[in-house]
Amino acid sequence: MLEIQILRDQKARAVAGLKKRGFSEERLLAIDQIVSLDDQRKDLQTQLDVLLNERNTLSEEIGNLFKSGKAQEANQLKVKVQATKDAAEALESKLQETKAALDALLVTLPNIPHTTVPEGKTPEDNKVHKAWEGALPTLPANAIPHWELAEKYNLIDFKLGTFLTGSGFPLYRGKGARLQRALISYFLDQARRAGFEEIQPPLMVNAESAYATGQLPDKEAQMYYVEKDDLYLIPTAEVPVTNMYRGQIVAESDLPIKLTAYTPCFRREAGSYGSDVKGLNRVHQFDKVEIVQFEHPSRSYDTLMEMVSHVSHLMDSLELPYRILHLCGGDMGFTSATTYDFEVWSAAQQKWLEVSSVSNFESFQANRMKMRFRDDKGKMQLVHTLNGSALALARIVAALLENNQTEKGIRLPQVLVPYTGFEWIGEES
RNA sequence: GGAGAGAUGCCAGAGUGGUUGAAUGGGACGGUCUCGAAAACCGUUGUACGGGCAACUGUACCGAGGGUUCGAAUCCCUCUCUCUCCGCCA
């Protein structure tokens with residue numbers, strides 16, 4: 001969540017940023033309300049502290065009186081203490097109310113977009129940061145979409161997945177399953193080479209974790225929830241991996257902390273039926289390798305571009321056409337300050353599919369998580385958190401199958417061959 | 001799942017109602033000593049939220065949340081987690 005200090009000291013920036021996200025004048029009032037509630041909170045806190053101090057002083061006196069055998073006087077003082085206790089109790093509950101109101105308002109404010117974030121409301125307004133300059137693949141006349149290829153070569157069984165679980169839960173088999181495993185290994189190896197420590201996190205998290213990275217309360221409907229144990233299936237490895245440092249104070253010299261994890265991701269995608277859900281385009285369970293960084297605020301934007309570059313290299317090496325979008329204010333995620341989306345060209349479907357999202361959250365998540373470091377002046381500071389997909393598998397597989405289909409079968413990019421153990425799907429050579 | 005034990009500062013570990021934000025030891029940091037280092041000795045070593053230009057100061061925090069009390073790390077309740085034993089089990 002946003003630091004109140006930013007709302008106080010940099011109100012103009014906050015207003016401009018939230019307007020970029022499409023905030024109405026009315027919703028912007030929340031800023032002033034928050035500041036005013038925070039003032040109230042401080043005032044109540046001060047009053048309460050005075051009363052508590054009074055109580056503590058009197059209690060000490062009572063103790064001393066009892067020690068010196070003056071029980072009578074002590075009992076008189078007890079009566080006096082009662083009054084301050086009652087007053088303190090009233091203040092305390094008022095303070096709690098104020099804090100609750102403050103928090104309720106604060107969680108409704110999304111992160112302030114970085115100044116470079118393009119203006120705009122819808123995905124159409126996203127700015128192309130890097131267009132694809134090469135040629136798009138030309139397919140044979142009888143080219144088919146990936147879900148048909150998957151069936152033709154017996155790589156993915158959508159029907160069986162539906163039978164076992166429900167729609168949106170594909171079952172990979174044979175070379176399809178091996179391709180999945182190969183991609184995961186390849187991506188993890190590349191991340192490790194780039195200095196990321198490999199993590200295998202739990203696939204379910206508790207509410208505190210989901211809250212810290214911003215899935216709660218904002219995106220509750222997106223997550224599968226295990227009611228009996230009060231746990232959430234992770235929608236991305238970002239959640240458990242970022243939370244590894246929840247509440248932690250690290251040394252400045254520890255930064256940046258670079259972590260990577262492969263996990264399945266579970267997303268309910270409630271309400272998104274209809275278009276775009278065919279085949280692997282939008283599924284409830286998919287595999288993803290995530291990269292996460294905790295960085296010094298002064299370096300976080302350089303780091304963001306490094307992560308963008310890392311993902312670019314992956315796409316290049318897979319020989320897939322892609323473009324990079326700089327998301328506009330209206331299309332950005334709630335917690336993000338800047339997001340670059342990667343879209344792969346799906347040649348048979350003739351459309352761009354999102355395969356990676358690289359974001360800088362600045363101090364937004366760190367503030368919720370209370371992850372800090374001590375700077376060179378000895379002051380506590382919130383770290384900046386960043387993450388990105390590197391990469392999300394399902395749609396990459398869709399593009400690999402479609403774009404590389406030939407009369408003889410599907411030819412995989414060279415970098416994958418050591419991982420798959422085969423170069424061709426459909427052609428036994 | 002059943003029975004028992006426990007949860008204290010960076011770590012280990014005291015503390016069972018009244019200067020306990022917390023003994024002691026270790027670690028870390030600073031200093032003295034030394035050509036340098038080790039050893040020894042001295043000192044420092046929390047977070048959050050307030051007030052103050054500042055020195056400083058108030059409040060809260062000993063797993064979490066409630067309660068008892070003038071006063072709680074210390075007593076009571078609930079929850080979470082850890083350990084030991086039993087059961088089950090990849």
Side-chain angles (χ1 to χ4, degrees), chain A residues 1-9 34-106 200-212 216 225-232 240 243-255 257 264 363 365-383:
Chain A
M1 76 183 104
L2 286 173
E3 301 170 63
I4 295 178
Q5 208 52 44
I6 291 177
L7 298 179
R8 283 182 184 279
D9 302 345
I34 286 169
V35 170
S36 131
L37 277 169
D38 194 45
D39 286 338
Q40 277 181 50
R41 196 210 90 235
K42 286 183 186 180
D43 185 47
L44 289 169
Q45 184 72 62
T46 306
Q47 292 181 46
L48 179 63
D49 284 355
V50 169
L51 283 174
L52 289 177
N53 176 238
E54 206 172 294
R55 187 204 66 185
N56 288 344
T57 312
L58 288 172
S59 291
E60 206 176 319
E61 270 182 54
I62 292 173
N64 289 333
L65 287 172
F66 272 122
K67 266 191 204 158
S68 48
K70 297 173 186 162
Q72 186 96 24
E73 289 176 45
N75 283 321
Q76 281 170 1
L77 265 188
K78 277 196 196 180
V79 180
K80 204 171 152 195
V81 172
Q82 193 58 42
T84 69
K85 278 186 70 184
D86 291 343
E89 213 164 289
L91 268 179
E92 172 75 36
S93 68
K94 235 167 144 184
L95 180 62
Q96 288 312 322
E97 276 171 39
T98 307
K99 277 185 177 169
L102 180 61
D103 252 19
L105 215 48
L106 211 45
Q200 274 201 28
L203 304 182
M204 292 192 234
V205 294
N206 57 30
E208 290 77 56
S209 296
Y211 177 79
L216 290 179
Y225 174 57
V226 181
E227 191 171 8
K228 201 163 186 179
D229 297 288
D230 196 20
L231 295 171
Y232 297 86
N243 270 280
M244 285 166 62
Y245 285 88
R246 170 150 52 88
Q248 298 287 306
I249 298 166
V250 300
E252 189 170 16
S253 58
D254 289 341
L255 301 175
I257 295 169
S363 63
Q365 288 181 331
N367 188 35
R368 274 202 195 179
M369 290 209 301
K370 296 288 171 273
M371 178 181 174
R372 293 157 296 171
F373 68 95
R374 201 182 290 280
D375 67 21
D376 47 16
K377 293 189 193 75
K379 262 192 74 181
M380 286 294 186
Q381 270 196 60
L382 293 166
V383 302

| Flag side-chain contact, heavy atom, 4.5 Å: A:Leu37 against A:Leu106 | no

| said: Quick one about A:Gln72 and A:Gln76 (side-chain donor to acceptor, distance below 3.5 Å, no hydrogens or angles considered), yes or no? | reply: no

| query | So do the side chains of A:Val205 and A:Asn243 get within less than 4.5 Å of each other, counting heavy atoms only? | reply | no

| request: Would you kindly say whether A:Gln47 and A:Asp43 are connected by a side-chain donor-acceptor distance under 3.5 Å? | output: yes

| request: Measure from CG on A:Asp254 to C1' on B:C10 and round the result to the nearest Å. | output: 13 Å

| request: Classify the side-chain pair A:Tyr232/A:Asn206 by whether it contains a donor and acceptor separated by less than 3.5 Å. | output: no

| note | RNA chain B nearest-nucleotide lookup for A:Arg372 and A:Gly63: closer to the 5′ end is A:Gly63

| task | Identify the nucleotide, in any strand shown, that forms a Watson-Crick or G-U wobble pair with B:A60, with both distances under 3.5 Å; if there is none, say none. | result | B:U47

| remark: By salt bridge (charged side-chain N to carboxylate O under 4.0 Å, His left out), A:Arg368 pairs with (sequence neighbours left out) none

| task | Answer yes or no: does a side-chain N or O of A:Lys85 lie under 4.0 Å from OP1 or OP2 of B:G71? | result | yes

| note | dist A:Thr46:OG1 -> A:Arg41:CZ (nearest 0.5 Å) comes out at 9.0 Å

| field | Whole-Å C1' distance, B:U69 and B:C56 | value | 33 Å

| field | Distance, rounded to the nearest Å, where A:Glu92 contributes CD and B:C49 contributes P | value | 17 Å

| message | Does the structure show a Watson-Crick or G-U wobble partner for B:U80, both distances under 3.5 Å? Name it, or say none. | response | B:A7

| Between B:C61 (P) and A:Ile249 (CD1): distance, integer Å | 19 Å

| task | Considering only atom P, compute the distance from B:G6 to B:C10 and round it to an integer number of Å. | result | 24 Å

| request: Please measure how far the P atom in B:U44 lies from the corresponding atom in B:G50, and state the result in whole Å. | output: 29 Å

| said: Please give the distance between the C1' atoms of B:C85 and B:G13 as a whole number of Å. | reply: 26 Å

| query | What is the pairing partner of B:C53, taking Watson-Crick or G-U wobble pairs with both distances under 3.5 Å in any strand? | reply | none

| query | Taking atom P in both B:U24 and B:G15, what distance in whole Å separates the two? | reply | 15 Å

| query | Given that both distances must come in under 3.5 Å, which nucleotide forms a Watson-Crick or G-U wobble pair with B:G18? | reply | B:C70

| task | Write down the partner of B:C89 under the Watson-Crick or G-U wobble criteria, each distance required to be under 3.5 Å. | result | none

| message | Give me the distance, rounded to whole Å, that separates B:U47 from B:A22 when you measure between the P atoms they each carry. | response | 15 Å

| message | Pairing check on B:U24: which nucleotide meets the Watson-Crick or G-U wobble criteria with it, both distances under 3.5 Å? | response | B:A12

| said: Can you check the distance between B:G25 and B:G43, where both ends of the measurement are the P atom (answer in whole Å)? | reply: 11 Å

| request: Specify the separation, in whole Å, of atom CD of A:Gln381 and atom C1' of B:U47. | output: 17 Å

| Stretch residues 42-59 of chain A: residues that reach within less than 4.0 Å of RNA chain B through a heavy atom | A:Lys42, A:Gln45, A:Thr46, A:Asp49, A:Leu52, A:Asn53, A:Arg55, A:Asn56, A:Ser59

| query | How close or far is atom P of B:U47 from atom CZ of A:Phe373, stated in whole angstroms? | reply | 14 Å

| note | A:Lys70 atom NZ is separated from B:C70 atom C1', nearest whole Å, by 17 Å

| Do A:Glu60 and A:Asn56 have a side chain donor and acceptor closer than 3.5 Å? | no

| message | For B:G46 and A:Arg374 - does any side-chain N or O of the residue sit under 4.0 Å from the phosphate oxygens OP1/OP2? | response | no

| note | Rounded to whole Å, the CZ-P distance (A:Arg246 to B:A64) equals 14 Å

| request: Please state the P separation for the pair B:G52 and B:G58 - nearest whole angstrom. | output: 16 Å

| request: Could you state the atom-to-atom distance from CD of A:Gln5 to C1' of B:G50 in whole Å? | output: 13 Å

| note | Residue set satisfying side-chain hydrogen bond (donor to acceptor under 3.5 Å, both in side chains) with A:Asp86, at least two apart, ordered chain then number -> A:Gln82

